[in-house]
Student: 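Sending over a structure as structure tokens; questions will come in a sec.
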Amino acid sequence: MAIVQNKKMDKTISSLLSRQNYLVTQANDLARSFGNLTTFEHKVLDYCFSFVKAEDTSDQTYTIQMIDILRHLGLNSSGKNYQRVGEAFRALNTKTAIYLRSYKNGMSGIIMTSLFDYIEVLEDGKIEFQFSKKVAPFVFELKQNYYSFKLSELANVRSKYALTLLKLWNANSMGKLQKATIKGSLEDWQSWFLGTDNDGKPKKWSAGRFRQRVLGVSLKELGELYPKTAFFLTTEKEGRKIVGYTLDITPIKTTLNI
């Protein structure tokens, strides 16, 4: 009876993972966990991450001001923009589900949590938040070892897809924005950039639409922002079917002969 029950639980765990592609097993997984955020929500989240320090602990509380976020994003202090920031934090609270593998008493399982433990917005424009204690160690490691952007650099990115690709590049080159290879199945790439629908199911586009509207847009913008870097995308196929992509990113070394 126990064997049958274990098989049913294994199937249940697999089903959970297939519904939300947010399994985090190492820090740089966070860089590809929020494909369903908008560009604005990404930038607000980046602002939150910028307050993390190496010595922080999992019970660290952070306090920021809405007006400072607006200034960082180059927005005026209108009621509409305050509302926009408030809505972004509401989205961060609902869209940042995280799944962590767990092992207890010799059994494997899943911890279903989220990025934030809580977010409090006060009427004077002050925002207080704390990362989930289960996720905080990944946030700290991500900030220290992978997430080395300057906020001004992130603020220059226009497209959500370019912002996502920039984070993937950074995570795969250990925070150096140097040579890197990003490889994954078509499903992997779509989960990184598109996220999930309201039911937690991965969004799916045709391979042609995804390449043109996501990869094409993001590679074009990053090519403009980083002109001394070569981006080479290889389409992986099984017969005529597109099954994945490999992106090789290489800095271009220039020499002058005098």
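What's counted below: heavy atoms across the whole structure, side chains too, no hydrogens, waters or symmetry copies.
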Student: Check for me, please, whether Phe138 and Ile111 land in the same ILVMFWY cluster - side-chain distances under 4.5 Å, paths through other members count.
Tutor: yes
Student: Atom NZ in Lys80, atom OG in Ser78: separation rounded to 0.5 Å?
Tutor: 7.5 Å
Student: Please identify each residue that fulfils side chain to side chain donor-acceptor pair (under 3.5 Å) with Ser206, with sequence neighbours left out.
Tutor: none
Student: For the atom pair CG (Leu165) and OG (Ser159), what is the distance rounded to the nearest 0.5 Å?
Tutor: 9.5 Å
Student: In the structure I gave you, are the side-chain heavy atoms of Val214 and Leu194 within less than 4.5 Å of one another anywhere?
Tutor: yes
Student: Apply side chain to side chain contact (heavy atoms under 4.5 Å, CB included) to Lys220 and list each qualifying residue two or more places apart in sequence or on a separate chain.
Tutor: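 Listed in chain order: Glu224.
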Student: Heavy-atom distance under 4.5 Å between the side chains of Leu100 and Ile110, does that happen here?
Tutor: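 Result no, sub-4.5 Å side-chain heavy-atom pair not found.
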Student: So which heavy atom on Leu70 is nearest to which on Ser77, and how close?
Tutor: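 For Leu70 and Ser77, the tightest heavy-atom pair comes out as CD1-CA, 3.9 Å.
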Student: Does a side chain donor of either His72 or Lys43 reach within less than 3.5 Å of an acceptor in the other side chain?
Tutor: no
Student: Taking side chain as C-beta onward, heavy atoms only, is Ile182 less than 4.5 Å from Trp189?
Tutor: yes
Student: Would you say Leu233 and Phe193 are hydrophobically clustered, going by side-chain heavy atoms of ILVMFWY under 4.5 Å?
Tutor: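 Yes, Leu233 connects to Phe193 through the hydrophobic network.
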Student: Who are the salt bridge (charged side-chain N to carboxylate O under 4.0 Å, His left out) partners of Asp68, not counting sequence neighbours?
Tutor: Arg71
Student: Please give me the minimum heavy-atom distance between Gln60 and Asp56, naming the atom from each residue.
Tutor: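 Shortest heavy-atom separation between Gln60 and Asp56 comes out as OE1-OD1, 3.6 Å.
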Student: With distance as the sole test, does Gln190 use its side chain to make a donor-acceptor pair with the main-chain N or O of Phe210 at under 3.5 Å?
Tutor: no
Student: Using side chain to side chain donor-acceptor pair (under 3.5 Å) as the criterion, list what pairs up with Ser114, not counting sequence neighbours.
Tutor: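 None.
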Student: Apply the test side-chain contact (heavy atoms from CB on, under 4.5 Å) to residues Thr229 and Thr250: give CA-CA distance (whole Å), side-chain angles for both, the deciding distance (0.1 Å), then the verdict.
Tutor: CA-CA 6 Å; Thr229 302; Thr250 309; over 6 Å; no
Student: Any chance CD of Gln65 has more than 12 other-residue heavy atoms, nucleotides or ligands included, within less than 6.0 Å?
Tutor: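 More than 12 within 6.0 Å, yes.
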Student: Tell me, please, which residues at least two apart from Arg90 pass side chain to side chain donor-acceptor pair (under 3.5 Å).
Tutor: Glu87
Student: Could you pull out all residues at least two apart from Tyr118 that satisfy ring pair (Phe, Tyr, Trp, His ring centres under 6.0 Å)?
Tutor: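 Counting only residues at least two positions away or on another chain, Tyr118 forms no ring pair (Phe, Tyr, Trp, His ring centres under 6.0 Å).
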Student: By side chain to side chain contact (heavy atoms under 4.5 Å, CB included), which residues pair with Thr234, not counting sequence neighbours?
Tutor: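 Here the qualifying residues are Phe232, Glu236, Thr246.
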Student: Do you know which two heavy atoms are closest between Pro227 and Ile252, and how far apart they sit?
Tutor: O-CD1, 4.2 Å
Student: Quick one: do Tyr47 and Leu73 end up in the same hydrophobic cluster if we chain Ile, Leu, Val, Met, Phe, Trp and Tyr together by side-chain heavy atoms under 4.5 Å apart?
Tutor: yes
Student: Under 4.5 Å between any side-chain heavy atoms of Lys228 and Pro251, yes or no?
Tutor: no
Student: Would a distance-only check, ignoring hydrogens and angles, find a side-chain to backbone donor-acceptor pair under 3.5 Å from Trp169 to Thr164?
Tutor: no
Student: With sequence neighbours excluded, tell me which residues meet side chain to side chain contact (heavy atoms under 4.5 Å, CB included) with Leu225.
Tutor: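 Side chain to side chain contact (heavy atoms under 4.5 Å, CB included) list for Leu225, sorted by chain: Val157, Glu221, Leu222.
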Student: In sequence, state the C-alpha distance, the side-chain angles, and the governing distance for Asn81 and Gln83, and then conclude on side-chain contact (heavy atoms from CB on, under 4.5 Å).
Tutor: CA-CA 5 Å; Asn81 285 330; Gln83 182 177 355; over 6 Å; no
Student: Any luck finding a side-chain donor-acceptor pair between Asp248 and Thr181 under 3.5 Å?
Tutor: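 Checked: Asp248/Thr181 side chains pair up, N/O donor to acceptor below 3.5 Å.
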Student: Please examine the side chains of Phe89 and Ile69, heavy atoms only from C-beta on, and report whether any two atoms are closer than 4.5 Å.
Tutor: yes
Student: Under the rule for side chain to side chain donor-acceptor pair (under 3.5 Å), what residues qualify as partners of Ser102, not counting sequence neighbours?
Tutor: none
Student: Group every Ile, Leu, Val, Met, Phe, Trp and Tyr by side-chain heavy-atom contacts under 4.5 Å, then state whether Phe40 and Met66 land in the same group.
Tutor: yes
Student: Testing the basics here: between Phe140 and Thr57, what is the closest heavy-atom pair and its distance to 0.1 Å?
Tutor: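 Nearest heavy atoms, Phe140 then Thr57: CZ-O, 3.3 Å.
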Student: Is it true that Ser191 and Asp188 share a donor-acceptor pair across their side chains at a distance under 3.5 Å?
Tutor: no
Student: Backbone N or O of Thr38 within a donor-acceptor pair of the Glu41 side chain at under 3.5 Å?
Tutor: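 Yes, the answer is positive, given that a donor and an acceptor are paired below the 3.5 Å cut-off.
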Student: Less than 4.5 Å apart, any side-chain heavy atom of Gln178 and any of Ile249?
Tutor: no
Student: Give, for atom NZ of Lys134 and atom CG of Asp117, the distance between the pair rounded to the nearest 0.5 Å.
Tutor: 12.0 Å
Student: Please enumerate all residues that pass ring pair (Phe, Tyr, Trp, His ring centres under 6.0 Å) together with Phe131, with sequence neighbours excluded.
Tutor: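 With neighbours one apart ignored, the set is Phe49, Tyr62, Phe116, Phe129.
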Student: For Thr235, give me all partners under side chain to side chain contact (heavy atoms under 4.5 Å, CB included), at least two apart in sequence or on another chain.
Tutor: Arg211, Lys237, Ile242, Tyr245
Student: Do Leu115 and Asn93 come within less than 4.5 Å of each other through their side chains, counting heavy atoms only?
Tutor: no
Student: Among all residues two or more places apart in sequence or in another chain, which pass the salt bridge (charged side-chain N to carboxylate O under 4.0 Å, His left out) test with Glu128?
Tutor: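 Salt bridge (charged side-chain N to carboxylate O under 4.0 Å, His left out) list for Glu128, sorted by chain: empty.
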Student: Tell me whether Ile127 shares a hydrophobic cluster with Leu75, the cluster being built from Ile, Leu, Val, Met, Phe, Trp, Tyr side chains joined at under 4.5 Å.
Tutor: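 Yes.
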Student: Counting distance only, does the side-chain N/O of Lys160 pair as donor-acceptor with the main-chain N or O of Leu37 below 3.5 Å?
Tutor: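 Pair found, side chain donor or acceptor close to backbone of Leu37.
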Student: Can you check side-chain contact (heavy atoms from CB on, under 4.5 Å) on Thr39 and Arg158, steps first, answer last?
Tutor: CA-CA 7 Å; Thr39 304; Arg158 301 183 306 274; over 6 Å; no
Student: Do Lys133 and Asp59 have side chains that approach each other closer than 4.5 Å (heavy atoms only, starting at C-beta)?
Tutor: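 Yes - at least one pair of side-chain heavy atoms lies under 4.5 Å apart.
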Student: Considering non-hydrogen atoms only, spot the tightest contact between Leu122 and Glu120 and give its length.
Tutor: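 Shortest heavy-atom separation between Leu122 and Glu120 comes out as CD2-OE2, 3.5 Å.
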